[in-house]
Amino acid sequence: MDPKLTEVSQLFERFKAAILRKDFNTCTNLLSQLKVLLTAFRSLPPLFEETPNAVHELTIARDIYEHAVVLSVKVEDQDAFERDFFQLKPYYTDARDRIPPSPEEYPILGLNLLRLLVQNRIAEFHTELELLSSIALENPCIKHAVELEQSFMEGAYNRVLSARQTVPHETYVYFMDLLAKTVRDEIAGCSEKAYDYLSINDARQMLLFTSDQELLKYIEEEHIEWDVKDGLVVFQKAKESSPCKEIPSLQLINQTLSYARELERIV
């Protein structure tokens, strides 16, 4: 085996061992070293040169970037996720005919869709969806993200929250928790505009919590401006909307007629 490929393989084994024991600092350091070593392989994107070890090099590079995406979820770094996903994506598209498919492809593609949904990047969500094959769209990981987006757009927030219990892959839990927070923040914003106050029981049901303790913790962490007293959740009063200015209708009519006469004169 090529010495550089051997070095990458050995370092990657150390990386996988570190991620299993949840030593994420070591993982991050090893990943940086691996990415530097991968730059020596001319068979990788964007060059795709036909080298003697091209298939092996492409396969191990794809595996490394897949693990990098998973690591970014474990350390809850969405910026790292985006960088690593875009480095990985060419292995799913441009290198598709050069190496065997990866069993992690659909889980990671679905995970990226979920990330876009959490970040409310709906246009990009649909763009990514359009690029997927009909086979990919039938995969449970992709369908999970699609169904979540539909529920979110329909305002079926209870379906969004209950979907956390049926995630198709363990890595999805992080983004599902973020999505649950997004949903509750959306409900909270609507509630404080629609009501002056709610009973604790009604507020708990409205925000889809299972206990009063969860509700009170949420208020303490996210909405300290709300008051909880006498069994009620009292919302902060919305600022008085500025009065609408009267439209000078007679003036507009006169101007319109004047424009019409000028146009008629020109014609």
Side-chain angles (χ1 to χ4, degrees), residues 8-39 41 44-46 57-96 99 101-129 131-132 136 139-146 148-149 152 160 163-164 167-183:
V8 169
S9 299
Q10 291 173 347
L11 204 61
F12 187 35
E13 290 302 318
R14 289 173 55 194
F15 173 89
K16 289 189 286 187
I19 206 169
L20 284 174
R21 63 175 185 269
K22 298 182 179 180
D23 184 357
F24 299 139
N25 287 331
T26 298
C27 286
T28 302
N29 292 331
L30 291 173
L31 181 59
S32 297
Q33 297 176 49
L34 284 165
K35 287 181 177 180
V36 171
L37 290 172
L38 289 177
T39 60
F41 296 157
L44 305 186
E57 290 167 356
L58 283 165
T59 303
I60 196 170
R62 182 187 62 190
D63 291 349
I64 288 169
Y65 285 119
E66 285 179 339
H67 279 75
V69 168
V70 172
L71 175 64
S72 69
V73 174
K74 291 183 179 294
V75 300
E76 301 181 357
D77 187 340
Q78 294 187 48
D79 291 334
F81 182 103
E82 187 161 9
R83 289 193 304 271
D84 292 327
F85 177 79
F86 280 118
Q87 288 179 297
L88 170 63
K89 195 175 179 182
Y91 295 88
Y92 292 155
T93 54
D94 301 334
R96 180 175 296 280
I99 52 178
S102 167
E104 297 303 316
E105 178 176 352
Y106 293 144
I108 287 178
L109 291 176
L111 191 61
N112 181 59
L113 289 173
L114 189 55
R115 174 185 67 90
L116 294 173
L117 183 58
V118 166
Q119 295 176 351
N120 202 29
R121 294 159 65 174
I122 305 302
E124 292 176 64
F125 178 97
H126 286 284
T127 299
E128 290 293 323
L129 209 58
L131 298 174
L132 298 179
N139 184 271
C141 294
I142 307 298
K143 290 176 73 174
H144 179 79
V146 172
L148 274 175
E149 191 267 345
F152 193 74
V160 174
R164 188 189 184 282
V167 290
H169 199 273
E170 61 177 355
T171 53
Y172 284 43
V173 172
Y174 166 61
F175 285 120
M176 288 301 301
D177 287 342
L178 291 179
L179 189 59
K181 182 181 181 305
T182 300
V183 164

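Residues: numbered from 1 along the sequence shown. The shown structure was predicted, so the numbers you read here are calculated from the model rather than taken from an experiment.
Exactly one residue among R115, R83, Q119 makes a side-chain hydrogen bond (donor to acceptor under 3.5 Å, both in side chains) with Q78. That residue is Q119.
The shortest distance between side-chain heavy atoms of Y172 and C141 falls below 4.5 Å. Counting only heavy atoms from C-beta outward, the side chains of N25 and D23 approach each other to under 4.5 Å. Taking 4.5 Å as the limit, every side-chain heavy atom of L109 sits out of range of all side-chain heavy atoms of E128. When side chains are defined from C-beta on, K89 counts as touching L131, because their heavy atoms get closer than 4.5 Å. For the pair H126/E149, a side-chain contact is recorded, criterion being any heavy-atom separation below 4.5 Å from C-beta on. At a threshold of 4.5 Å between non-hydrogen side-chain atoms, the residues C27 and L71 count as touching. Residues L31 and I64 have side chains in contact (heavy-atom distance under 4.5 Å, counting atoms from C-beta outward).
Counting all heavy atoms, side chain and backbone alike, P168 lies closest to P140 at CG-O, 4.3 Å. In this structure, E66 and S102 approach most closely via the heavy-atom pair OE2-OG, 2.6 Å. P101 and R62 make their closest contact through C-NH1, 3.8 Å (heavy atoms, listed as atom of the first residue, atom of the second, distance). Across every non-hydrogen atom of A61 and L38, the tightest pair is CB-CD2, 4.0 Å. Considering all non-hydrogen atoms of both residues, E57 and L44 come closest at O-CD2, 3.6 Å. Residues L117 and A145 share a closest heavy-atom pair of CD2-O, 4.3 Å.
One distance of note links CG of L114 with NE2 of H169; it measures 12.5 Å at 0.5 Å rounding. Put simply, CG on L111 and CG on L116 are 10.0 Å apart, with the number rounded to the nearest 0.5 Å. Between the CG atom in L113 and the NE2 atom in H144 there is a gap of 11.0 Å [rounded to 0.5 Å]. Summarising the geometry, atom CD1 belonging to I122 is positioned 11.0 Å from atom CG belonging to L129; distances are rounded to the nearest 0.5 Å. Note that CZ of F152 and CG of L179 are 6.0 Å apart. Values are rounded to the nearest 0.5 Å. With values rounded to the nearest 0.5 angstrom, I60 atom CD1 is found 8.0 Å from L34 atom CG.
Counting only distance, with no hydrogens or angles, the side chain of Y91 and the backbone of T59 share no donor-acceptor pair below 3.5 Å. Looking at H67, its side chain does come within 3.5 Å of a backbone N or O of D63 through a donor-acceptor pair.
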Walk me through it: do K35 and D84 pass the test side-chain contact (heavy atoms from CB on, under 4.5 Å)? CA-CA 10 Å; K35 287 181 177 180; D84 292 327; 2.6 Å; yes
Which side-chain N or O atoms in residues 11-20 pair as donor and acceptor under 3.5 Å with protein atoms at least two apart or in another chain?
from	atom 1	to	atom 2	distance (Å)
E13	OE2	K16	NZ	3.1

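Take D77 and apply the side-chain contact (heavy atoms from CB on, under 4.5 Å) test, not counting sequence neighbours, and it matches V75, D79, A80. Partners of Y106 by ring pair (Phe, Tyr, Trp, His ring centres under 6.0 Å), not counting sequence neighbours: none found.
Ring-centre distance between F81 and Y174: not below the 6.0 Å cut-off.
Classification of E105 and R96 as a salt-bridged pair holds, one side-chain N sitting under 4.0 Å from a carboxylate O.
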